[in-house]
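Worksheet: one structure, shown below.
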Amino acid sequence: MLIICPTPIGNLDDVTPRQRSALEGADLIACEDSRRTGKLLSLLGIERQDGSPRLVPYHEHNAQEAADELVGELTRGRRVVLVSDAGTPAISDPGYRLVRRAVEAQVEVSALPGPVAAMVALSASGLPTDSWQFYGFAPTSSDGRVATLEEAEDAKMTSIYYESPKRIEALLEDVVRVCGADRAVCVGRELTKMHEEYVRGSAGEVRREFAGRDSVRGECVLVVGPGVADSGDSADIEVDELIASMLDAGCRSRTIKDVVSQVHDVARSEMYDRIDEVRQQSGEGPNGG
Ligand code: SAM
């Protein structure tokens, strides 16, 4: 069995009991950097008896050969736990290739839940979360970044990028250039660590904030808000506009309720509150008809 086991992205307390017992019960642990994973095991107080579980390096540069060995072990019934240096393996790292090989070899694959930097940043960004796209690492060249950001320019969903501290300012500059200085963004930095930080605002403001720093340290996630209102927002706007025009035309609340709830997907029970809200926004008092 192959078990995908997330590890902390900065806070050791984020290790769950299930992750701990997967690591303790592994025959082999496939890891990016065996020194780093060895250190994690010792911080967790997991002792390796006679070198077991064996740590097998599995990274970008040996993925093919290491996967051959690991799939061989898996088909012999061994329990292999896949970890990465931080976060959830297979998310923006070569782990997915091992998962694919295991699936092809008809080995059971199970994933434990745990930290993903993109999800931590998205959930705290305050930007729409109902629909989003994850790009992994932003391209390192400005041309590549611009091409990628053009997809976010008029996207109906939030876009998420991984970026190094060295290039976060350049990435923000390109966001301003492609999506405009007003686009809502959030940079999550050093997430779950002692100096965790969220910088939220328009792309122009957040770029200025980073440009004003002597240096930027720690890993970053950039979250870029949608370019156009999503369908949920635009449907809400249409409902409010219809209510407002019926109020202007002097229609009674009961008529508005009947008409709007037939035309739009709004529960009749919510209609009086909705009519009152529109009435208040337009400067009239509530219950005016
Ligand atoms: N598998 C990992 C995950 O689940 O998030 C991502 C691995 S990827 C190789 C590393 C990138 O994730 C970093 O360059 C950074 O963009 C992001 N990242 C990882 N830890 C982070 C943290 N504590 N704060 C902010 N970003 C982080």
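Remember, it's a predicted structure, so these values are computed and weren't measured experimentally. Values reported hereafter were calculated over all heavy atoms of this structure, with side chains retained and with hydrogens, waters and symmetry mates removed. All ligand and atom numbering here is 1-based and tracks the order in the structure.
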Check your understanding: Is there a donor-acceptor pair under 3.5 Å between the side chain of Arg189 and the backbone N or O of Arg217?
Key -> yes

Review point. Arg183 side chain to Gly225 main-chain N or O, any donor-acceptor pair under 3.5 Å?
Key: yes

Check your understanding: Which pairs with one or both residues in residues 158-180 pass side-chain hydrogen bond (donor to acceptor under 3.5 Å, both in side chains), sequence neighbours excluded?
Key -> Gln133-Ser159, Ser142-Asp174, Ser142-Arg177, Arg145-Asp174, Glu163-Arg167, Asp174-Arg177

Review point. Do any pairs count as a side-chain hydrogen bond (donor to acceptor under 3.5 Å, both in side chains) and have a residue in residues 101-117, sequence neighbours left out, and if so which ones?
Key: Asp68-Arg101

Measure and list all N/O to N/O distances between ligand 1 and the protein that fall under 3.5 angstrom.
unit_1, atom_1, unit_2, atom_2, d
ligand 1, 1 (N), Ala86, O, 3.4
ligand 1, 1 (N), Thr88, O, 3.0
ligand 1, 1 (N), Ile91, O, 3.0
ligand 1, 4 (O), Thr88, N, 2.9
ligand 1, 5 (O), Ala117, N, 2.8
ligand 1, 5 (O), Tyr162, OH, 2.6
ligand 1, 16 (O), Glu163, N, 3.4
ligand 1, 16 (O), Cys220, O, 2.7
ligand 1, 20 (N), Glu219, OE1, 3.3
ligand 1, 23 (N), Ile9, O, 2.9
ligand 1, 23 (N), Leu191, N, 3.4
ligand 1, 23 (N), Leu191, O, 2.9
ligand 1, 24 (N), Leu191, N, 2.9

Practice item. Scan residues 66-95 for pairs that pass ring-ring contact (aromatic ring centres under 6.0 Å, His included), counting only residues two or more places apart or in two chains. Key: none

Exercise for review: Report yes or no: do Phe134 and Met119 belong to one cluster of Ile/Leu/Val/Met/Phe/Trp/Tyr joined by side chain heavy-atom distances under 4.5 Å?
Suggested key: yes

